[in-house]
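Before any comments, here is the structure.
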Amino acid sequence: MGVKRSLQSAGLSLGVLANILVVLATATDFWSRFSDGHNGLWRMCRKNNCTYSSCETMLAVTAACVVLATGSGLVASVLGVRVLHASRDGNLIPPRGRNACLVFFLSALLLLAGMVGYTARDAWKVDSFFSWSYFTAWLALPFSILAGFCFLFADMILQSTDAISGFPVCL
C-alpha cells in the first residue's frame with residue numbers, strides 16, 4: 001500500500017471516528033451538569049423530569065452548527081470513500097481528495113463555531129459543569145482536522161507525481 005492510499009485510509013478512518021463522536025454528542029443530553037440535573041442541545045432534565053430546552057439563541061446556534069457539522073462530516077466521508085475506492089480500481093483519472101479535504105475542514109469549522117458558542121453560553125455559570133457529551137464533541141474536532149490534512153497530503157502527493165511524470169528522471 002502506497003503512502004497516498006495509506007493517507008487516504010487514515011483520513012477516512014479519522015473522519016468516520018469524528019462523525020461517530022459528533023453524532024454521539026449531538027444525540028445525548030449530558031452537555032452540562034448542574035446541582036439538580038443535566039441538559040443537552042435538545043432537552044433539560046431536572047430531578048428525573050425531562051423537558052425540551054427553551055429556545056435560547058445561543059443554544060439554537062450551537063445545535064444548528066453541530067448538526068451542520070455532522071451532515072458535512074458525513075458528506076466528506078462519502079467523498080473519502082469515493083476517492084479511496086476509485087484509487088483501488090485504477091481509474092485513469094481518479095477523483096481528487098481535495099473535495100473531501102475541504103468538506104472535512106468545513107465540518108471542523110462548523111463544529112468549532114458551535115462549541116465556542118456553547119462554551120460562551122455556559123462558561124460563566126457558577127453551578128454548571130461541562131459533561132461528557134460536551135467533551136466528546138470537542139474530541140471530534142481534532143479528528144476532523146486531521147482527516148482533512150490526510151486527504152490534503154494525499155492530494156499533494158498525487159499532484160507531485162502527476163507533475164514529474166513527464167520528466168525523464170529516475171527518483
Side-chain angles (χ1 to χ4, degrees), residues 1-31 40-42 58-121 130-171:
M1 181 182 292
V3 175
K4 180 184 66 124
R5 282 191 46 207
S6 296
L7 282 170
Q8 290 170 344
S9 298
L12 185 60
S13 299
L14 287 167
V16 167
L17 180 61
N19 289 337
I20 290 170
L21 291 173
V22 171
V23 167
L24 179 68
T26 305
T28 55
D29 293 330
F30 291 91
W31 281 63
L41 296 177
W42 317 111
M58 193 54 71
L59 190 61
V61 168
T62 299
C65 286
V66 172
V67 167
L68 287 173
T70 303
S72 62
L74 291 173
V75 168
S77 294
V78 168
L79 289 171
V81 167
R82 186 172 166 254
V83 167
L84 188 62
H85 181 66
S87 66
R88 286 185 181 163
D89 287 345
N91 292 345
L92 295 176
I93 304 174
R96 303 279 300 269
R98 183 177 17 186
N99 295 336
C101 165
L102 291 174
V103 179
F104 273 124
F105 286 151
L106 174 67
S107 174
L109 182 65
L110 287 167
L111 186 60
L112 179 65
M115 295 308 295
V116 167
Y118 193 86
T119 304
R121 174 188 172 267
F130 297 116
S131 190
W132 66 270
S133 296
Y134 171 81
F135 294 116
T136 302
W138 272 115
L139 185 62
L141 183 67
F143 290 142
S144 185
I145 293 170
L146 287 173
F149 275 119
C150 285
F151 278 103
L152 176 68
F153 293 149
D155 194 52
M156 290 170 63
I157 290 172
L158 182 66
Q159 283 180 343
S160 65
T161 55
D162 288 346
I164 64 171
S165 65
F167 291 107
V169 178
C170 292
L171 296 177

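Atom set for the values below is all heavy atoms of this structure, side chains included, hydrogens, waters and symmetry mates excluded.
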Partner set under side chain to side chain contact (heavy atoms under 4.5 Å, CB included) for L21, not counting sequence neighbours =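 For L21 the side chain to side chain contact (heavy atoms under 4.5 Å, CB included) partners, ignoring immediate neighbours, are L17, T136, L139, A140, F143.
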
State, to 0.1 Å, how close [X] and [Y] come at their nearest heavy-atom pair, and which atoms those are.
{"X": "F151", "Y": "G11", "result": "CE1-C, 3.6 Å"}
{"X": "K4", "Y": "I157", "result": "CB-CG2, 4.3 Å"}
{"X": "L14", "Y": "A147", "result": "CB-CB, 4.0 Å"}
{"X": "A137", "Y": "L111", "result": "O-CD2, 3.5 Å"}
{"X": "V83", "Y": "Q8", "result": "CG1-NE2, 3.3 Å"}
{"X": "I145", "Y": "A108", "result": "CG1-CB, 3.6 Å"}

Quick one: side chain to side chain donor-acceptor pair (under 3.5 Å) pairs with a partner in [range], sequence neighbours left out?
{"range": "residues 16-26", "result": "N19-S77"}
{"range": "residues 137-153", "result": "Y134-W138"}
{"range": "residues 63-75", "result": "none"}
{"range": "residues 98-113", "result": "none"}

Indicate yes or no: at least one non-hydrogen side-chain atom of L74 is less than 4.5 angstrom from one of V78.
->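 They are not in side-chain contact.
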
Any side-chain heavy atom of L146 sitting closer than 4.5 Å to one from F104?
->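 Contact flag for L146/F104 side chains = no.
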
Name all residues meeting the ring-ring contact (aromatic ring centres under 6.0 Å, His included) criterion together with F105; count only those two or more places apart in sequence or in a different chain, and write none if there are none.
->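 In terms of ring-ring contact (aromatic ring centres under 6.0 Å, His included), with neighbours along the sequence ignored, F105 is linked to F149.
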
Please confirm whether the backbone N or O of A25 pairs with a side-chain atom of W31, one donor and one acceptor, at under 3.5 Å?
->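 Yes.
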
